[in-house]
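A quick write-up on the structure given underneath.
In what follows, residues are counted from 1 in the order of the sequence shown.
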Amino acid sequence: MRVSELVGLNWRDIDEELGMVMVRSGKGNKDRLVPLGEPALDALLEWRRAMPIAWEPAGPVIINLRGGRLTTRSVEMILQRRIAAAGISAGITPHGLRHSFATHMLNNGADLRSIQEMLGHASSRPRNAILM
C-alpha cells in the first residue's frame, strides 16, 4: 500500500475471513483487493483489541492517541524513529519499503502483473479482461 492508502484504511475495508483488504486508491481513483497475510491480520486484530478508545467498524484503522486518523507525515516519522531505534542507518522510506516488497515478491517467483496490480499500478489491459 501507499502510505496515503494506509492512513485512509477503515476497518470495514478489511475482510478477515478472506484475508483481503479493499484498498481505496487516491492515485487513479481505483479500488483494488490486496491479500493480507495471517501475521498481518493477527497484528491488526490485536491492535483493535488494544486500542485505547472504542473502535467503530467504519472508523479508521491507523489512529493517533486521540482517536484521529494519522497523517502520512506521522507514519513517516514513526518509521524513522523505529529505524533509528533498531540501529539501522540506511535511508529507509515507506516508498522504499514498497519497492523492497515488490522486489522480494518478484525474486521469489511472483508474477510481475500480479505484483503491479497489488501495488495499484495502472493496467494496460482492458477493464473487462480476465486475469489468467
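Shown here for Val61 and Trp11, the closest heavy-atom pair between the two residues is CG2-N, 3.5 Å. The minimum heavy-atom distance linking Ser4 with Val7 is given by the pair O-CG2, 3.4 Å.
Salt bridge absent: Arg12 and Glu56 never bring a charged side-chain N and a carboxylate O closer than 4.0 Å.
Judged purely by atom type and a 3.5 angstrom limit, Asn108 has no side-chain atom pairing as donor or acceptor with the backbone of Met105.
Every residue meeting the side-chain hydrogen bond (donor to acceptor under 3.5 Å, both in side chains) condition with Glu76, not counting sequence neighbours, appears here in chain and number order: Arg73. For Thr93, the side chain to side chain contact (heavy atoms under 4.5 Å, CB included) partners at least two apart in sequence or on another chain are His95. A search for side-chain hydrogen bond (donor to acceptor under 3.5 Å, both in side chains) contacts involving Arg49 returns Glu46, not counting sequence neighbours. In this structure Arg69 satisfies the salt bridge (Lys or Arg N to Asp or Glu O under 4.0 Å) test with no other residue, sequence neighbours excluded. Partners of Glu17 according to the salt bridge (Lys or Arg N to Asp or Glu O under 4.0 Å) rule, which considers only residues two or more places apart in sequence or in another chain, do not exist here.
Counted by atom type alone, Ser74 and Thr71 present one or more donor-acceptor pairs between their side chains at under 3.5 Å.
Put simply, CD on Glu16 and CG on Leu41 are 6.0 Å apart, with the number rounded to the nearest 0.5 Å. Note that CG of Leu36 is 11.0 Å distant from CG of Leu18, once rounded to the nearest 0.5 Å.
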Let me have the donor-acceptor pairs involving side chains of residues 78-85, under 3.5 Å, with sequence neighbours excluded, atom names and distances please.
{"residue": "Gln80", "atom": "NE2", "partner": "Ile92", "partner atom": "O", "Å": "2.6"}

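Taken together through direct or relayed side-chain contacts under 4.5 Å among Ile, Leu, Val, Met, Phe, Trp and Tyr, Leu33 and Phe101 form parts of separate hydrophobic clusters.
Under the side chain to side chain contact (heavy atoms under 4.5 Å, CB included) test applied with Ile62, the options Leu9, Leu6, Asn10 reduce to a single match, Leu6.
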